[in-house]
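Single-structure report; data block below.
Each chain gets a letter, A, B and so on, in the order its sequence line appears, and its residues count up from 1.
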Number of protein chains: 4
Amino acid sequence: MIEAPIALTSTLNVGLVADGLVQYAVRESPEIGIHTSNVNVVVGECNDGFLNDIQGRHVRAEHVRTALESAAEGPVVEGAVGAGTGTTCFGWKGGIGTASRLVPRQAGGFVVGALVQSNFGNPRDLVICGVPVGRYVQPPAAGGKLEQDGGSIMIVLATDAPLGSRQLRRLCVRAAVGLARTGSHIGHDSGDFVIAFSVAHRISHAPEVLTREETVVADEARAMQWLFPAVAESVEEAVLNSLCRAETVTGRDRHVRNALPVEKVVSLVERARGGLG
Amino acid sequence: MIEAPIALTSTLNVGLVADGLVQYAVRESPEIGIHTSNVNVVVGECNDGFLNDIQGRHVRAEHVRTALESAAEGPVVEGAVGAGTGTTCFGWKGGIGTASRLVPRQAGGFVVGALVQSNFGNPRDLVICGVPVGRYVQPPAAGGKLEQDGGSIMIVLATDAPLGSRQLRRLCVRAAVGLARTGSHIGHDSGDFVIAFSVAHRISHAPEVLTREETVVADEARAMQWLFPAVAESVEEAVLNSLCRAETVTGRDRHVRNALPVEKVVSLVERARGGLG
Amino acid sequence: MIEAPIALTSTLNVGLVADGLVQYAVRESPEIGIHTSNVNVVVGECNDGFLNDIQGRHVRAEHVRTALESAAEGPVVEGAVGAGTGTTCFGWKGGIGTASRLVPRQAGGFVVGALVQSNFGNPRDLVICGVPVGRYVQPPAAGGKLEQDGGSIMIVLATDAPLGSRQLRRLCVRAAVGLARTGSHIGHDSGDFVIAFSVAHRISHAPEVLTREETVVADEARAMQWLFPAVAESVEEAVLNSLCRAETVTGRDRHVRNALPVEKVVSLVERARGGLG
Amino acid sequence: MIEAPIALTSTLNVGLVADGLVQYAVRESPEIGIHTSNVNVVVGECNDGFLNDIQGRHVRAEHVRTALESAAEGPVVEGAVGAGTGTTCFGWKGGIGTASRLVPRQAGGFVVGALVQSNFGNPRDLVICGVPVGRYVQPPAAGGKLEQDGGSIMIVLATDAPLGSRQLRRLCVRAAVGLARTGSHIGHDSGDFVIAFSVAHRISHAPEVLTREETVVADEARAMQWLFPAVAESVEEAVLNSLCRAETVTGRDRHVRNALPVEKVVSLVERARGGLG
């Protein structure tokens, strides 16, 4: 059960953002902890200390509330925004990225989507569409020296397929496939987390009946044949979107992370693909 | 998915018993591995090398087949039988034990049952109904010296509650509660395994539809409030039954495991309970 | 690696206490997030909403700092103190409890200790020294109705044995043995967590060498033969201490949790043991 | 602790091969189960039922013994040999593959190697060196129809780095990175297993001392910075070797798996790389 919105932030802000989510939940559901049980919140984080003054812990409850209240349907803003403002990916400016896939009608017509906060990767390792881009294009050494890899990534997967916890965990494992295809080695120090949820069923806090009929996936092979690659592709594309949408950011102590030179990279990938005729 | 009967045996027989299950499955379903996929079997084991000539690996495919074909409804034979023939529990003769509970109608009227192959425990640690029996009644040193604890137990849980894998795993955890109440410390060397399954749903190898409606537990709190203690009690009672039903066995090299002196133990427990008025 | 003190608190305070730990760590190590990496903190919680106005989230950073600065050697205060101020255990006032064991010199002379924040248990299930006390002594219905079980417990284990993460995890599993012996079924809703650490080795954030010689347990069987029961006993005793040391508390909305009537309980246990002669 | 050689075989042979390992162990160590404890064996498997008459279970104890006795230093035979005789990889003949990496002296000069039994992959998904080879080169439909993906892979990792179980598990996770780079989605039905071991320490069955000094990795970041990519590369290369070394095999019922047309594939990869200048 996920009882509250999932928030992403900078590492040392986790406590304040968790408390912001609690404040929001209590305002929305004033019975929490008085007539009903408590509320459990979920906060993910990456360490963006190269650009961000993380000791400052500048996120406040009102920022959490504003984020929740301004959530809307439609395109998701990507790049150096929100929890992605200070992150670094393969030595370039990373951030928030998102992508999704629709599986064919005969496999259920389900949607699966990924949202990532990208903060990982060794500059030389970046791979785009199978092309080892990082060997040809590397960021200028920023802030004096190029820091060692070892970052992390938060990956959130959402689907409308009626999956249970065992099946959602299987989706999480396949997120690593997409991650690996961007050049990640799931580095040491790296807290790479994946959380997946389904919106197919709403779970009541106070169920009126002991058992009920619920739609489940009966042909798991057929569903997963499509959902697994869909997850891998969504995560790979979401990471690339986080890179391609982020603009150059100058942070604390004049530390700089440059935007990925997208045109140069596209040209490289086209040349590699062009070789295939 | 469990695709074949669960078998229990002595440690070094696992390979032969697994092969016996495969032979049985292939005979029953001749399409296995030709027109359909393969079959996965489950074999549990305890090391009963004190009484048993385990190097001999005396179990054959025909013993497996006989066991499966003689399976029947009704009372389960307990004590020094089957995979329990050579096992030791708290220094006494252990073996097969079983017990079950029926939860109230308002909690679903479900049944949960446990079957154990008991092969663990330090003689001084035996506890029955909370009474530290092992401090008062201990087995004669058998075969020269009293061996160190460090055995193991196989626990199989079955229920007709419509539980999914996440919920069955929760039942498995509560099996440890019953085990602890008999005096086990889940000792080192001890491979204590629990496997739980539900008979509520049959899973088709070749589902015709992508999704289907399935009965699930909607009020997990209400169901588990009864199922968790039911599991703990069943496991505790199953271990005690394995002890109380086993007769003295003389095994290889004149090694002896004595039957628990049930009357003496009952008298002890009654005296302790009698003290409570 | 544990990088900061472990804090325990009430559920909805977790965010604020985590932030308090971060503030403390940053003050002690001003290089965090600037010249070195970040800091990871650990906060445990129980929901004490029956007695506590948990929406109020009354814990502040200065309370965290005071707690850390007043930490001292010697006896640990137990009962309705700290994170145990509002908790309930088997329907009685629970709280903080602690206990430890010293294993014999030939098994290393190691110490293992447990500290618990007890907040679980059905009144009828309380077991003390194997005696089913809860069937004879029950708390007055407090605050109108006797609430359903389903609480939780935080258990912290510490040892000076030179154990690695795999071995510490094994200790955690045996904490459940002690818990079960107090009458817990590890109830639904119950977030029963165990964290174990060893103080045998200090882990450097900036190691100067690639490899080093480290003392490890070579004879795991001999060490665990003593450490496992030591953990089980410590946890069982720590829970009982949390009950026996807690005084009656009146909380929000005049909700009351009564202290366990220790004399009555001792008399019951003595009578049961007396029956054994 | 790994107590016996690791064996790989066809799915329905697991029981017989496990028993073969037991026979071998008992012959080598006649005290097993009599004066000492038992022996635990490890057998991995893939379902090669398309080419192999798996119901026949044709592996005997003497084959196990021959395999163990003919194990030797030097190059490992790859392709359609041993447990790889009947397997299929990306629709082509797969089998046994192996590869290893030596990390630099300043990172310890450790070796890590992988051996795989490849039996997975959708023909269209094959990726070699980042080039989507499977979109350009596909196997002829064999045996009537091209079967659905859903196979599996066994991966064995070995290293001389002095890693503990926690660290070896971390290596296992990175094996998935190499697997993903070959085009695997870690498909449904797929039992993809990784087992890793270190040869740095021998573990005594009868340790004479309680504790000892052992070499451990003190600077895990530095070691893993090299070992993680080494694992990913070894697994990727081992899978490719299994494909490139396997020759066309005709199996039961005239089912055929063709060898990968290596020259064609090399030419494709060279053209893609050539595009990069």
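Note on C/Cys129, C/Pro132, C/Ala232: by heavy-atom pairs under 4.5 Å with chain B, the leading option is C/Pro132.
For the atom pair CG (B/Asp53) and CG (B/Asp253), the distance works out to 8.5 Å, reported to the nearest 0.5 Å. Between C/Leu240 atom CG and C/Arg181 atom CZ the span is 12.0 Å, to the nearest 0.5 Å.
For the side-chain hydrogen bond (donor to acceptor under 3.5 Å, both in side chains) test, no residue two or more places apart in sequence or in another chain qualifies with B/Arg124.
When all heavy atoms of C/Lys93 and C/Gly86 are compared, the pair lying nearest together is NZ-C, 3.8 Å. A pairwise comparison of heavy atoms in C/Met154 and C/Leu8 identifies CB-CD2, 4.0 Å as the closest pair.
Contacts of B/Val127 with chain C are absent, with no heavy-atom separation under 4.5 Å from either backbone or side chain. Neither the backbone nor the side chain of C/Ser267 comes within less than 4.5 Å of any heavy atom in chain B. For chain B, no part of C/Glu270 is nearby; none of its heavy atoms comes within less than 4.5 Å.
Contacts of residues 157-176 of chain B with chain C at a heavy-atom distance below 4.5 Å involve B/Arg170, B/Val173, B/Arg174, listed in sequence order.
No side-chain donor-acceptor contact under 3.5 Å links C/Glu45 to the backbone of C/Leu12. Judged purely by atom type and a 3.5 angstrom limit, C/Asn241 uses its side chain to pair as donor or acceptor with the backbone of C/Thr98.
Classification of the B/His188-C/Phe228 ring pair by plane angle, with boundaries at 30° and 60°, yields tilted.
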